[in-house]
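Structure first, then comments.
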Amino acid sequence: MTDHVTARETRLTSGATVVVAGNYDEMSILAAGIVARHIAEHPGTAITLPTGETPRGMYEALTGMIRGGELDFGTIEFFCLDDYLGKGINDETSLTAWLDKAFLTPAGVHGPNIHFVPTLADDPDAAAKAYEASIEALGGFQLAVLGLGPNGHIGFNEPGASIDSRTRVVDLTDESRTQNAAYYDSDQAIPDKAMTIGIGTLLNSPRIVLIVCGSSKAGILRDALQGPVTAEVPGSYLQTVGERLVVITDPEAASELVLD
Ligand code: PGA
């Protein structure tokens with residue numbers, strides 16, 4: 001990865017900062033830098049980070065820092081953002097298994113401070129409430145890094161999700177199931193239900209970072225940041241948090257934003 005950062009920063013009318021990195025690698029390094037600084041400055045706090053193709057480079061950068069002794073991931077409480085109902089770390093097509101392969105195992109990050117979405121619980125609704133309660137018990141998230149789905153979802157808060165939603169079981173759209181099937185070299189079906197941390201839980205964080213890359217996300221990123229705030233585009237709720245939001249993109253994803 002290059003460390004030559006050529007990012008351009010703009011303030012939106014919502015108060016959010018948009019940082020357009022020169023390319024995907026720079027986007028990843030910038031996002032990893034925010035996470036690393038946060039961990040160094042706020043030990044003991046709760047954070048959440050996303051899974052998916054977008055954050056792969058961020059995890060690679062974090063893994064390098066951890067392996068190089070620059071970053072200790074054991075000092076924060078890390079909560080996985082979402083996963084399929086009935087699938088856990090031992091299911092190859094779970095998001096937790098994806099995270100394990102892309103980050104936890106290469107970085108040697110394991111322990112009681114890594115919290116997995118309780119998708120295997122006998123009573124998923126009660127388990128979702130308990131997951132929410134354990135985040136709240138730590139004072140809520142102090143940092144939430146999020147990706148943006150092609151349909152505007154954040155976590156698995158699909159179109160229609162309410163702004164004050166909490167950790168819960170949700171129905172997945174076919175679009176999200178098809179999108180995520182591409183993460184795995186497997187013909188196993190992607191379930192039609194998931195558990196996700198809620199929008200309200202995420203929006204309470206004093207620092208929210210949205211990372212978005214690729215031309216296929218340009219339209220939905222414009223809708224999320226500069227379209228109407230609507231349940232049809234859950235990412236648009238991020239406009240309500242003002243300057244607590246930092247968006248880091250590559251030039252392709254930013255190509256439809258109106259930036260001064
Ligand atoms: P992606 O997923 O990074 O694989 O595009 C983003 C998301 O759905 O949140």
Side-chain angles (χ1 to χ4, degrees), residues 21 23-32 35 47-62 79-85 87 92-103 117 141 143-161 165 167 170-186 190-199 201-203 205 208-225 231-238 245-256:
N23 56 33
Y24 175 83
D25 283 354
E26 288 179 356
M27 179 200 81
S28 303
I29 289 166
L30 288 170
V35 174
I47 74 169
T48 188
L49 307 177
T51 50
E53 286 311 312
T54 310
R56 234 180 230 291
M58 177 186 79
Y59 283 120
E60 202 180 301
L62 288 173
F79 287 79
C80 292
L81 181 58
D82 52 6
D83 208 341
Y84 306 110
L85 202 62
K87 295 215 180 224
E92 58 175 346
T93 53
S94 72
L95 297 181
T96 310
W98 182 96
L99 184 76
D100 186 41
K101 202 166 151 194
F103 176 56
V117 183
F141 291 123
L143 172 70
V145 180
L146 305 169
L148 183 68
N151 63 356
H153 72 204
I154 48 176
F156 269 141
N157 294 285
E158 298 276 54
S165 53
T167 306
V170 294
D171 292 321
L172 290 178
T173 58
D174 287 343
E175 188 180 2
S176 293
R177 295 172 67 208
T178 308
Q179 173 207 352
N180 286 24
Y183 298 161
Y184 309 99
D185 184 18
S186 165
I190 297 292
D192 57 9
K193 284 191 187 303
M195 194 183 289
T196 185
I197 292 173
I199 308 248
T201 321
L202 297 168
L203 294 190
S205 176
I208 303 172
V209 179
L210 182 71
I211 51 174
V212 190
C213 62
S215 55
S216 67
K217 298 278 180 70
I220 195 67
L221 182 62
R222 179 205 55 220
D223 291 351
L225 297 183
E232 289 319 301
V233 181
S236 69
Y237 291 137
L238 293 168
L245 175 67
V246 176
V247 185
I248 308 177
T249 77
D250 66 358
E252 291 77 14
S255 60
E256 294 191 27

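As the structure lists them, so they are numbered: ligands from 1, and atoms in each ligand from 1. Residue numbers run from 1 in the order of the sequence given.
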Interfacing atoms of ligand 1 (cut-off 4.0 Å, heavy-atom, G149): 7 (C), 8 (O), 9 (O)
In Å and rounded to the nearest 0.5 Å, what is the CG to OG distance from N157 to S165? 4.5 Å
Mind checking whether T51 has an N or O less than 3.5 Å away from an N or O of ligand 1? no
Atom 3 (O) of ligand 1: closest protein heavy atom, distance to 0.1 Å, is T54 OG1, 2.5 Å
Which residue supplies the protein heavy atom nearest to atom 6 (C) of ligand 1, what is that atom called, and how far is it? L148 O, 3.6 Å
In this structure, atom 5 (O) of ligand 1 is nearest to the protein heavy atom K217 NZ, 2.6 Å
So does A161 get a backbone contact from the side chain of Y237, meaning a donor-acceptor N/O pair under 3.5 Å? yes
Could you label the plane-to-plane angle of the Y59 and F103 rings as parallel, tilted or perpendicular, counting under 30° as parallel and over 60° as perpendicular? tilted
If you measure every N or O of N180 against every N or O of ligand 1, does any of those distances drop under 3.5 Å? no
Nearest atoms (heavy-atom pairs only) where T48 meets C80: OG1-C, 4.0 Å
Checking a contact table here: which protein heavy atom is nearest atom 4 (O) of ligand 1, and how many Å away? Y183 OH, 2.5 Å
Any side-chain donor paired with an acceptor under 3.5 Å for E158 and S176? yes
Atom 8 (O) of ligand 1 - nearest protein heavy atom and its distance: H153 NE2, 2.6 Å
Can Y84 and D192 be counted as having a side-chain donor-acceptor contact under 3.5 angstrom? no
If the cut-off is 4.0 Å to any non-hydrogen atom of Q179, which atoms of ligand 1 fall inside it? 1 (P), 2 (O), 4 (O), 5 (O), 6 (C), 7 (C), 8 (O)
Heavy-atom contacts with G52 under 4.0 Å: which atoms of ligand 1 show up? List them by number with element. 3 (O), 4 (O)
Measure up the F141 and F79 rings against each other and bin them: parallel (under 30°), tilted (30 to 60°), perpendicular (over 60°). perpendicular
